[in-house]
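Residue numbers begin at 1 in each chain, while the letters A, B, ... track the order of the sequences.
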Amino acid sequence: MNAIDHHWQRFTLKQKLSRYAVYLVLVMAFVQSIQSVEVIPEFLLDAPEQMADMFSRMWPMDFAYYPVTVHDAMIETLNIATLGTLITLIFAIPLALMNASNIVSSTWCHWISKFFLVSSRSVNSLVWALLFVSIFGPGVIAGVLAIAFRSIGFVGKLLGEALEEVNMGSIEALKATGASWLSILLKGYWPQVLPAFFSIVLFRWDINVRESAVLGLVGAGGIGVVLDDSMNLFQWDRVAVSLLAIFIIVILAEILVVNVRKRLI
Amino acid sequence: MAGINTTCSQAKIDRENPFKHNWLVSALWLLVVCYVVYSFNAMDLSWGRINDGLGHASDLLARMVPPNFSRWSLLLGGLIESLEIAVISSICGIFISLFLGLFAARNLMPSWISTPVRALIALCRTFHPVIIAILFVKSVGFGALAGILTLVVASIGFIAKLFAEAIEEISLKQVEAIRATGAGFTSIILFSVMPQVFARFIGFSTYQLDSNLRNSTMVGIVGAGGLGGTLFSAFQRFDYDFVAAILIVIIALIMFGEFLSNIVRHIFR
């Protein structure tokens, strides 16, 4: 009997080396960035004092300001988020269908849909808002379209993946009956992706509520406009009221979405 | 013949229509349509304005092409600053989240530690990065530092939350086995918890690195450094050809980031 002298290793040499390479590159990038980034030390030392000053100005909050402007702006923000999410569907559903390889099989269709989905996701919602503000002028319409265009990539990508995961058995059965492609889509694919569809849309709506709250900073309507105005006038007690309103709405939206999703799945 | 007819009609009665009309669903769709009509009215959206806008849009697009790369030094400066913000904030954020995630896991920590840590993480998550950026610009002044702090907060909100959830899902058998050997707390974490969750932690981290890269090009809009500031001032000066150049660079940067994070995810799988 020869002695067993296996030395057990969790990773192969190649795996180890590539992992260490990643760590090394990260550390190098970090050191390089720390050395070259422009940070003014005086500002950093001053920070606690400035922060204390900001919070002391925020405290007693100007609650009388809420019914005057904040309430209407909050409703507008919710409308921007909801309408934006609904408009997204007009673009996202066809792109998702084009992106799903079991529905459309041509490669160039995939590339076209991928291009639109990726460019929608790469451009931040604030940048979309800037673009639409310069097209339609400041106002709600820019906000709605910014939210809509930003969400296309997210909804389209996830919906396309959900479509690719459907059980092809029932689709085949429908095809065998000679059903038209519209019937196959509506009665074969749609019932199977229904839970995924609603949870994707709700998830995006939750994100959109957060995002629509800041679009106003570039003039695209909603609570952000109120926030920007009171910040430019250094009325920090009013800023605090707006922030509190955003905080409460975001938490309520999240609770709503979590509960609805629990029922759906 | 008669017999066949009767069985046919019998079958028709027995078998329900598999695609029955669902009135509840129709009512819900009607509700959605009503909402759209109401919100269009409430927000003064009109087709006239949209029509006007389409004219402006073609004008804008015409001014965007060809993209103007002549001020490339400005563009490169902003790009490098964005990259620095993304790298520093991701690494700091990942490092802090590693500990906060461990402290927030309810199956490893007593509730008097995990509850406050969870509350802190939730607070980091609620506000949009831009709002946090505004607050940091007020407290540490304009520049990259405000951007870095903002994205560190955003990273903690995302990675620490998901990491804590991943830890709560681990199998406790291995923890028990390591504990039975008499290992201390650090060894338990290193040899029974981390191997189970490390791959997922890397997944969250690379995702956040991606998203920090995106956000680092945006926080500049409120003065927190990076390419966003350059973009915003180009917009305000109506230099749309320069705007197009910046947008192209941003999209290229993000695609490059996705490519890199795919490689990292592949290595750590």
- Task: Test side chain to side chain contact (heavy atoms under 4.5 Å, CB included) on A/T82 and B/S39 and set out the steps.
- Result: CA-CA 9 Å; A/T82 317; B/S39 52; over 6 Å; no
Contact class of [X] relative to chain A, heavy atoms under 4.5 angstrom:
{"X": "B/I134", "result": "side chain"}
{"X": "B/V243", "result": "neither"}
{"X": "B/P129", "result": "neither"}
{"X": "B/Y35", "result": "side chain"}
{"X": "B/I88", "result": "both"}
{"X": "B/L231", "result": "side chain"}
{"X": "B/I80", "result": "neither"}

Test item: [X] and [Y] side chains (from C-beta on) under 4.5 Å apart, heavy atoms:
{"X": "A/V218", "Y": "B/F232", "result": "yes"}
{"X": "A/M58", "Y": "B/L135", "result": "yes"}
{"X": "B/I254", "Y": "A/R121", "result": "no"}
{"X": "A/R19", "Y": "B/I267", "result": "yes"}
{"X": "A/V214", "Y": "B/V222", "result": "no"}
{"X": "B/C92", "Y": "A/F30", "result": "yes"}
{"X": "A/L217", "Y": "B/I221", "result": "no"}
{"X": "A/V239", "Y": "B/K138", "result": "no"}

- Item | Options B/D59, B/L123, B/V140, ranked by heavy-atom pairs under 4.5 Å with chain A, top entry | B/V140
- Item | Top contributor to chain B contacts, counting heavy-atom pairs under 4.5 Å, from A/A29, A/S134, A/S119 | A/S134
- Given the options A/P48, A/S33, A/A21, which has more heavy-atom pairs under 4.5 Å with chain B than any of the others? A/S33
- Which heavy-atom pair separates B/M64 from A/L131 by the least distance, and what is that distance?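 Shortest heavy-atom contact: CE-CD2, 3.5 Å.
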- Let me see the working for B/I251 and A/V123 under side chain to side chain contact (heavy atoms under 4.5 Å, CB included), right down to the final yes or no. CA-CA 7 Å; B/I251 292 178; A/V123 180; 4.1 Å; yes
- Item | Part of A/D228 lying under 4.5 Å from any heavy atom of chain B |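 It is neither, since no heavy atom gets under 4.5 Å.
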- Identify the residue among A/L215, A/L126, A/N124 that makes a side chain to side chain contact (heavy atoms under 4.5 Å, CB included) with B/V130.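 For B/V130, the side chain to side chain contact (heavy atoms under 4.5 Å, CB included) check succeeds only for A/L126.
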- Taking non-hydrogen atoms and a cut-off under 4.5 angstrom, which of residues 231-238 of chain A neighbour chain B?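 Within residues 231-238 of chain A, the residues that come under 4.5 Å of chain B (heavy atoms only) are A/M231, A/W236.
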- Item | Worked check of side chain to side chain contact (heavy atoms under 4.5 Å, CB included) between A/V133 and B/F235 | CA-CA 10 Å; A/V133 165; B/F235 256 112; over 6 Å; no
